[in-house]
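Inspection log for the structure reproduced underneath, given as structure tokens.
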Amino acid sequence: MQPAIAVRAVEKTYAEGIAGVPALRGVDLDVHPGELVMLMGPSGSGKTTLLSIMGCILSPTSGSVRIADKEVGNLSEKQLPAIRLEHIGFVFQGFNLFPTLTAGENVELMLDLKGIRGERAKLRSLELLEQVGLAEKYGTFPSDLSGGQKQRVAIARALAGDPQIVLADEPTAALDSQTGRTVMEMMAHLAHERGRAVVIVTHDSRVLSFADRIVRIEDGLIADSSIAKKRPESEVSPELLAPLAMHAGEIHIA
Amino acid sequence: MPPLARRNLFHDKVRLTVTLTGIVFAVVLIVVELGLFVGFTSTTSGLVDHSGADLWVASKNVPYIEQGVAFSERRLNQVRAIPGVGEAEKYIAHWTQWKRPDGSEESVQIVGFNVDSAMGQPWNLVQGRIEDLKTPDAIILDELYKQKLGVTGVGEVFEIHGRRARVVGFTHGIRSFTTSPYVFTSFKNAQDFVGLREDQTYFLLVKLAPGADLETVRSALGSQVKDVEVLTSHEFSRMTQIYWMFTTGAGVAVLLAAGLGLIVGFVVVAQTIYATTMDHLREFGTLKAMGAANSYVYKVIIQQAAMSAVMGYVLGMAVSAFVVRASQHGGAAILMPWQMAVGMFFLTLAMCVGAALVSINKVTRLDPAIVFKG
């Protein structure tokens, strides 16, 4: 199967003084559609740098990055936003919702970037919020949402762009364990039921059981890449996951 | 597009208040400084602009109205004989001394005109009549200078250049650019007040006959009346303005203040708009990470700045209008012609959007990886 992301011999050196600081020193990694990969490693090991490069936010110093079989490692900063918009959805540790917009409007902002506006955007936004169990929170501002709800809105926003790839940076770090499980259930559904390639950077050992593959990075190199043995039983209410399952493979922008 | 710009603006009321205060301050500062400049400039040439004359006949090389040199009034008949001249009258504008009731003296500018002519009259008369000036000692002055000259009302008698002067009326808002108030009187009285010989005048005011061509009449006057200069009212007004505003340096100071007002206003606006953008820097980083092109982010920032500009302009002009109105009772006129009000709108918009462009530079170089920093 064609990988959604193919990283080859990627190096990244941050300029700092005369001598640069190497963050990645030749990384190879493929992530396939329907796969949930977790990136782990100590602080400063290079995992967020790798996530940023896979997300077309950073350009590698050398090496190749292919997204949907297109080389993006050598694209200019002006060309990268279009790649991000078309192929990648982000979920952030700090949620990064726009505090002045309601949950629904946060999702609509992503739709607006994709050229979907007006009533169509509102209906689509409601549909996406329904898929994460938050349709009734359409008009609620982020400040009135719990941490878990914020992250679910962020997931809905990431899905609004209909990305083949979802990249998440510590998505459970700011959540309690139960809420973290709910979010991870959703991420796993995105991968396994909807066929998205999901990459998650995490320090949270409680969520490792959701991974199809765990990639350990140390000192800018992949130290270990292992297939997870077993997926956990879902502890999330079936009502919450039902919409996600129901819409499996149906996220398309008309 | 979700109303991100509007929400960003109204979400933090304190920040909005600070931003609008900055813009209002800048608008008021610029309006007041420019208004003072316009006010001073129009004050210097007020007599010329309100004279109702088409042409001024003056002695050679007169730089401005207060610096007239006396010449023989026989030229009046020569002027009246020129084809195209509808009306010509003698006119005096000259400094002299006013004695206050307490014995101290003040410098005043005597303005003498033919009371039977429409040319050269005072304007904005609020008490008394022009015809009242026909009595030998009658004068009209502006109520702004009552205190300075020790005047309390109509009928009071004073001394000008050793001669009796009786107040018969008041105008409102006829300011003098210098510290010497204007005192309007008949031409005959004016001759006495400034010590001018009976057969002399300082200026001749000319009104064209209906249908006469200004340049043709001017040219004829220049060639047929010797030793005088013939100026259009517009020219003489400009000469007077330029003399007072630039040759004396007084206007340069006001213009510099107006320029500084513009700069300070822009800096204040730039700072507030920049701070507003910086407050939302992380959000703009998120937008870029989501795939928004720079132009999309610029649109949000510029919308935000434009909305701030409109609100700041409306509030600023309201405050400015109050200041302008209050200045009508003071010694320094602040004028705000409609052109300035309209121009101020575009200037405010340009300042805010320009300031936004400064912060856009920061956003352009914003690393979207900021979103991964905790």
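So that the names make sense, note that chain A is the first sequence line, chain B the second, and so on, each numbered from 1. Computed from a prediction, not measured in an experiment: that's the story for all the values here.
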Approximate separation, where rounding is to 0.5 Å, of A/Leu97 CG and B/Glu283 CD = 10.0 Å
query = When rounded to the nearest 0.5 angstrom, what is the spacing between CD1 in A/Ile88 and CE in B/Met290?
reply = 13.5 Å
Show me the donor-acceptor pairs, under 3.5 Å and distance only, between side chains in residues 308-315 of chain B and residues at least two apart or in other chains.
| residue | atom | partner | partner atom | Å |
| --- | --- | --- | --- | --- |
| B/Ser308 | OG | B/Gln304 | O | 2.9 |
| B/Tyr313 | OH | B/Ala341 | O | 2.6 |

More than 12 heavy atoms of other groups within 6.0 Å of [X] [atom1]:
X: B/Gln271; atom1: CD; answer: no
X: B/Phe322; atom1: CZ; answer: no
X: B/Gln147; atom1: CD; answer: no
X: B/Phe25; atom1: CZ; answer: no
X: A/His203; atom1: NE2; answer: yes
X: B/Phe346; atom1: CZ; answer: no
X: A/Glu11; atom1: CD; answer: yes

Main-chain N/O of A/Pro99 paired to B/Arg7 side chain as donor or acceptor, under 3.5 Å = no
Do you know which of [options] has the most heavy-atom pairs with chain B at a distance under 4.5 angstrom?
options: A/Val201, A/Thr102, A/Leu85; value: A/Leu85
options: A/Met110, A/Glu170, A/Glu86; value: A/Met110
options: A/Pro81, A/Gly89, A/Ala121; value: A/Pro81

query = Which pair of non-hydrogen atoms, one from A/Glu105 and one from B/Pro3, has the smallest distance, and what is that distance?
reply = OE2-CD, 4.0 Å
request  = Using the test side-chain contact (heavy atoms from CB on, under 4.5 Å), find all partners of B/Val28 that sit at least two apart in sequence or belong to another chain.
outcome  = B/Val24, B/Val32, B/Val319, B/Ser320
task = Enumerate by number any residue of residues 8-16 of chain B whose heavy atoms lie under 4.5 Å from heavy atoms of chain A; in the absence of such residues, state 'none'.
result = B/Asn8, B/His11
Review item, side-chain donor-acceptor pairs of residues 58-67 of chain A, under 3.5 Å, at least two apart:
| residue | atom | partner | partner atom | Å |
| --- | --- | --- | --- | --- |
| A/Thr61 | OG1 | A/Thr13 | N | 2.8 |
| A/Ser64 | OG | A/Glu71 | OE1 | 2.6 |
| A/Arg66 | NE | A/Asp69 | OD1 | 3.4 |
| A/Arg66 | NH2 | A/Asp69 | O | 2.8 |

request  = Carefully, step by step, assess B/Thr286 and A/Phe90 under the rule side chain to side chain contact (heavy atoms under 4.5 Å, CB included).
outcome  = CA-CA 9 Å; B/Thr286 303; A/Phe90 287 99; over 6 Å; no
